[in-house]
> 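Below is the structure I would like to discuss, written out as structure tokens.
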Amino acid sequence: MTPVRVRIAPSPTGDPHVGTAYIGLFNAAFARHHGGQFILRIEDTDQKRSTRASEEAIYRSLHWVGLRWDEGPDVGGPCGPYRQSERSAIYQAHCQQLLSNGTAYRCFCTAGRLDAVRAEQRSRKETARYDGFCRDLDRADSDSRASQGESFVLRLRMRQDGDTVVPDALRGQVVYDNRQIDDQVLLKSDGLPTYHLANVVDDHLMGVTHVIRAEEWLNSTPKHLALYEAFGWQPPVFVHMPLLRNADKSKISKRKNPTSLQYYERSGILPEAMLNFLALMGYSRKDEAGADLEKFSYDEFAADLDMTRISLGGPVFDLEKLRWINGLYIRALTPAQLAERAAQWYGQDERAAEIAALVQERVPELGEYMHHAGPFYRGSLDYGCNARFLLVGCAAKKKTAVRLSPAASRGFFETLIAGLEPLIEWTAPAIEEAIRGAIATTPAAVGDGMMAVRVAVCGRPASPPLFESMAAIGRATVLVRLREVCNLLGDPRLLQVAIAAVRQELEATEAALTAALAVPTATPTPQTAVTATGGA
RNA sequence: GCCCCGUUAGUCUAGCGGUCAGGACACGGCCCUCUCAAGGCUGGGACAGGAGUUCAAUUCUCCUACGGGGCACCA
């Protein structure tokens, strides 16, 4: 029996995603279970969006959560290179093979024509797909046009009749009508492969036996199968995992959920708790009594793992339960271990010195250190009565201040997010520019806009310098907080609830005070008390 | 619009023809308690709907509804 080899193939665009850890966990555990290997491959064929910084962040976050791989760009291995941008020659050679055996053809269609075709198909309510315009071009003609430097892509020649059956380890046989399947682009006009080509070629060359990936890939599997056939290769076993979901059941997204692993690391989720929680998404274990087992280690999980027992309903990523499991792990530590872990978590954080520099001036005694540094080490914030500052200008002292409605304030935060999100460099000057830009789109005063951002990001109206603070808090966490503020402002009822809570608190205090002052004779007089202590 | 996947309480799940439909998060109550947590006990809450197969369907089949995903020179 051939050894099990599995892989994850994240693309280095943006923050390391919780879904990558999820799929990584099941792949790694599966490999461990069967004594096989787990490979990390970087899918950076999208030149426009891939960055080296993101790639590094993926290594970091995956390591943080406790995943280790046997082969990868950073650790090497016998099937390298493990970065697809470094494998162009391999893909080119394989394309040549497909071109000569006729399973692929050059397509010279322009983007404009393709758009027009798609628009036309949509207006006729058909499945949008390539119309085959270049499918039957004469080969010699195609060769000469290519050699004259005309721009082209390479497309897979899909069979136009019959069905393709995708054997999925969890779903059985999934049948597709071949006429539904597009002539997929394999090689882009920049000469780089698309995911579909690179993925098949690499999986084969790297000896991957089981492809465990997210369900969103299920529909493109027929294309992959066609490629395996075109190359004359044996396809791997396919396992399509359910997609992690937002509370509204849509595919998990950063708009509706913190998806960055960095966010969880910084808000103090323990990596072992994160893995445990992720394992519970679609998988369950039982104790001797037959009750569901909620807490188990990665090793136990890997030993137990049976992929056929994965449940397919899309699991909602429930932060409440994550926090509960995290608490379970925290309580399982000895006090000494917890002290050690906590100190390590905030003291050896790579931003420790940066944060210290920011709060230094505001700390008269070390005891107040965490009060000021706290917001740098948290995930979501609780605004309480400071929520009023989130309404741009509304808490301003100047009578003439421009005051924005909740909706307008929300609009402001949305444009701010849009300005912050694409920043290449997450630095104070870049952040400042984005903030000033966003404020400029509103009639509010600069200072009032800044105050709203300060409270949104730091949770209170007093903080170290805003831009530097935001730089230190980090992009992932800043964006999560801003999105939560948008949600808050988007639903005024949430604000009402907050206001009601504050009012209740105040009224209770007032009532207690009034009651106490109304019965001065029932207690020893203040006079006596003062004298007594004063004389001691 | 077309194609594919899914459907047990608000959420994560067990179940693989006969179960009082089990566990967990969250929620309510009680206990413990200097507070808050934690912990213990306890309560409410689910098989999407309809046909069929069967002595018997949550479980098998089909239809409907609902949810999700895909339909790019993004992965």
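Within every chain, numbering begins at 1; the chains are lettered A, B, ... in the order of the sequence lines, protein sequences first and strands thereafter.
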> Within the structure shown, what part of the strands sits under 4.0 Å from A/V166 by heavy-atom distance: base, sugar-phosphate, or nothing?
nothing
> When you compare B/rC60 with B/rU53, how far apart are their C1' atoms, in angstrom units rounded to a whole number?
8 Å
> Which letter, B, S or -, goes with each nucleotide of nucleotides 20-50 of chain B from 5' to 3', with contact meaning a protein heavy atom under 4.0 Å?
--BBBS------------SS-----------
> Whole-Å distance between B/rU11 C1' and A/N257 CG?
13 Å
> Can we say A/E265 and A/R60 salt-bridge, meaning some charged N sits less than 4.0 Å from an Asp/Glu carboxylate O?
yes
> Under a 3.5 Å cut-off for both contacts, is B/rC2 paired Watson-Crick or G-U wobble with anything, and if yes, with which nucleotide?
B/rG70
> Check this for me, if you would: do A/R83 and A/D202 make a salt bridge, where the nitrogen-to-carboxylate-oxygen distance has to be below 4.0 angstrom?
no
> Is a side-chain donor-acceptor pair under 3.5 Å present for A/W217 with A/N199?
no
> Using both distances under 3.5 Å as the test, list the Watson-Crick or G-U wobble partner of B/rC16, or none.
none
> Can you tell me the distance, in whole Å, between the CG atom of A/L218 and the P atom of B/rC4?
11 Å
> From CZ of A/F277 over to C1' of B/rU13, roughly how many Å is that when rounded to an integer?
12 Å
> Would you say the rings of A/W64 and A/Y264 are close, in the sense that their centroids are separated by under 6.0 Å?
no
> How many angstroms lie between CG in A/L25 and CE in A/M274, if you round to the nearest 0.5 Å?
11.0 Å
> Find the distance A/F301:CZ to B/rC12:P and express it as a whole number of Å.
17 Å
> What is the pairing partner of B/rA48, taking Watson-Crick or G-U wobble pairs with both distances under 3.5 Å in any strand?
B/rU64
> Measure from CG on A/L312 to P on B/rC4 and round the result to the nearest Å.
17 Å
> Measure from the side chain of A/S311, starting at C-beta and using heavy atoms only, and say which of B/rG6, B/rA14, B/rC4 lies closest.
B/rA14
> I need a per-nucleotide contact map over nucleotides 66-75 of chain B, read 5' to 3'. Cutoff is protein heavy atoms under 4.0 Å; write B for the base, S for backbone only, - otherwise.
-SSBBSSBBB
> Tell me what A/G282 touches on the nucleic acid: a base, only sugar-phosphate, or nothing, going by heavy atoms under 4.0 Å.
sugar-phosphate
> Take atom CG of A/L244 and atom C1' of B/rG6, then tell me their distance rounded to the nearest Å.
15 Å
